[in-house]
Amino acid sequence: MKYEHMQKGIFLSRPNRFIANVLISNKNGQEETVVCHVKNTGRCRELLISGVTVLVQFHPEAALLGRKTQYSLIGVWKEREEGPLLINMDSQAPNQVAYEWLLSGNASLPYGKENIETTKLVEGIQNIKREVTYGQSRFDLAFQTANPEFSAFMEVKGVTLEENGLAMFPDAPTLRGVKHVEELVKAHEAGYEAYILFVIQMKEMTGFVPNRKTHPEFAKALQEAKRGGVHILAYDCIVTDTSMTLDKAVPVLLDE
């Protein structure tokens with residue numbers, strides 16, 4: 001996934017969950033404060049701290065499109081003892097990079113029962129569709145293979161929260177997330193392959209864990225889903241000033 005018209009700025013404040021005030025240098029080299037659309041309605045309190053460096057995207061067509069703001073807040077450098085970490089905050093990006101990953105032909109997905117020698121990797125992914133309704137939920141992705149008996153659903157979750165090198169989800173209680181997990185279990189029982197893909201919007205993570213402290217019900221739902229045959233996957237991303245690409249698998253640690 002690529003971005004155009006990107007520049008750095010200094011985060012000042014977030015009056016509400018939809019907008020942020022950011023200090024940038026304009027085309028004349030002068031500093032000015034601009035209002036940015038925050039493309040992530042999560043809390044992000046550990047990221048959006050006054051004074052941190054952020055990435056914003058300028059939308060030259062804003063007026064024509066009827067946008068209320070000319071800028072979007074896309075990324076942030078999180079300050080850590082081991083050095084700043086660039087995190088993509090765009091909540092729309094995980095679905096796009098997952099779609100591009102499946103489309104590329106490089107996706108390595110298990111199917112069948114896990115943790116046994118007969119587990120195989122999906123090959124020849126095709127007929128990829130987005131926003132597909134099943135039961136009471138709408139899953140982010142659905143796809144098939146050349147094998148007419150193979151059909152799958154995939155729910156994608158973006159991850160921006162990290163603590164001590166562990167990526168965590170969610171950063172706030174998510175009843176909708178629990179519902180999606182439960183619907184995936186039902187889909188698997190009906191004969192579909194089912195996947196939950198956690199897209200970690202950063203690098204340098206040693207593992208992924210559900211955020212039990214924030215939402216223990218979601219952590220429990222994930223454990224039950226894995227026992228029920230749903231594949232739980234986590235991948236990190238290569239994040240730059242102008243792009244984000246799904247990269248490598250990260251260990252999923254579901255046990256307490």
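None of the values given here were measured: they were computed from a predicted structure.
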Q: Could you tell me whether the side chain of S91 reaches within less than 4.5 Å of the side chain of T41, counting heavy atoms only?
A: no
Q) Is there a donor in the side chain of S72 and an acceptor in the side chain of H59, or the other way round, less than 3.5 Å apart? A) yes
Q. Would you say E32 and L23 make side-chain contact, with heavy atoms under 4.5 Å?
A. no
Q | Exercise: do N147 and Y111 side chains pair donor with acceptor under 3.5 Å | A | no
Q: Tell me, yes or no, whether the heavy-atom count around E123 atom CD, taken from other residues, nucleotides or ligands under 6.0 Å, exceeds 12.
A: no
Q) Heavy atoms, side chains only, cut-off 4.5 Å: are L47 and F11 in contact? A) no
Q: Would you mind checking if E204 and R80 are paired as a salt bridge, meaning a charged N to carboxylate O distance below 4.0 Å?
A: yes
**Q.** Donor-acceptor contact present, side-chain S104 to main-chain W101, <3.5 Å
**A.** yes
(Q) Tell me whether D171 contacts the main-chain N or O of L161 through its side chain, where contact means a donor paired with an acceptor under 3.5 Å. (A) no
Q | Listed partners of H37 passing side-chain hydrogen bond (donor to acceptor under 3.5 Å, both in side chains), at least two apart | A | none
Q | Shortest non-hydrogen contact between A20 and P15, atoms and distance | A | CA-CD, 4.2 Å
Q.
Donor-acceptor check, side chain of N16 to backbone of I19, threshold 3.5 angstrom: yes or no?
A. yes
Q) For N26, does the CG atom have more than 12 heavy-atom neighbours from other residues, nucleotides or ligands under 6.0 Å away? A) yes
Q: Check each of Y195, F153, Y99 against F143 using the side-chain contact (heavy atoms from CB on, under 4.5 Å) test, and report the only one that passes.
A: Y195
Q.
I'd like to check M168 versus M205 (side-chain heavy atoms, cut-off strictly below 4.5 Å). Are they in contact?
A. no
Q.
With side-chain contact (heavy atoms from CB on, under 4.5 Å) as the test, pick out the partner of D247 among I238, V97, I200, V239.
A. I238
Q: With rounding to the nearest 0.5 Å, note down the distance linking NZ in K179 to CD in Q136.
A: 6.0 Å
**Q.** Within 6.0 angstrom of E131 CD, more than 12 heavy atoms from elsewhere
**A.** yes
Q: Would you check if V54 and I10 make a side-chain contact, meaning some heavy-atom pair closer than 4.5 Å?
A: no
Q: With the side chain counted from C-beta on, respond yes when V35 and Y71 share a heavy-atom pair under 4.5 Å apart, and no when they do not.
A: no
Q) Tell me, do K226 and Q223 make a side-chain contact under 4.5 Å, heavy atoms counted? A) no
**Q.** Distance-only side-chain donor-acceptor flag, R176 / T174, under 3.5 Å
**A.** no
Q: Check the surroundings of atom CD in E61: do more than 12 heavy atoms from other residues, nucleotides or ligands lie under 6.0 Å from it?
A: yes
Q: Check N88, D90, N40 against Q201 for a side chain to side chain donor-acceptor pair (under 3.5 Å) and give me the one that passes.
A: N88
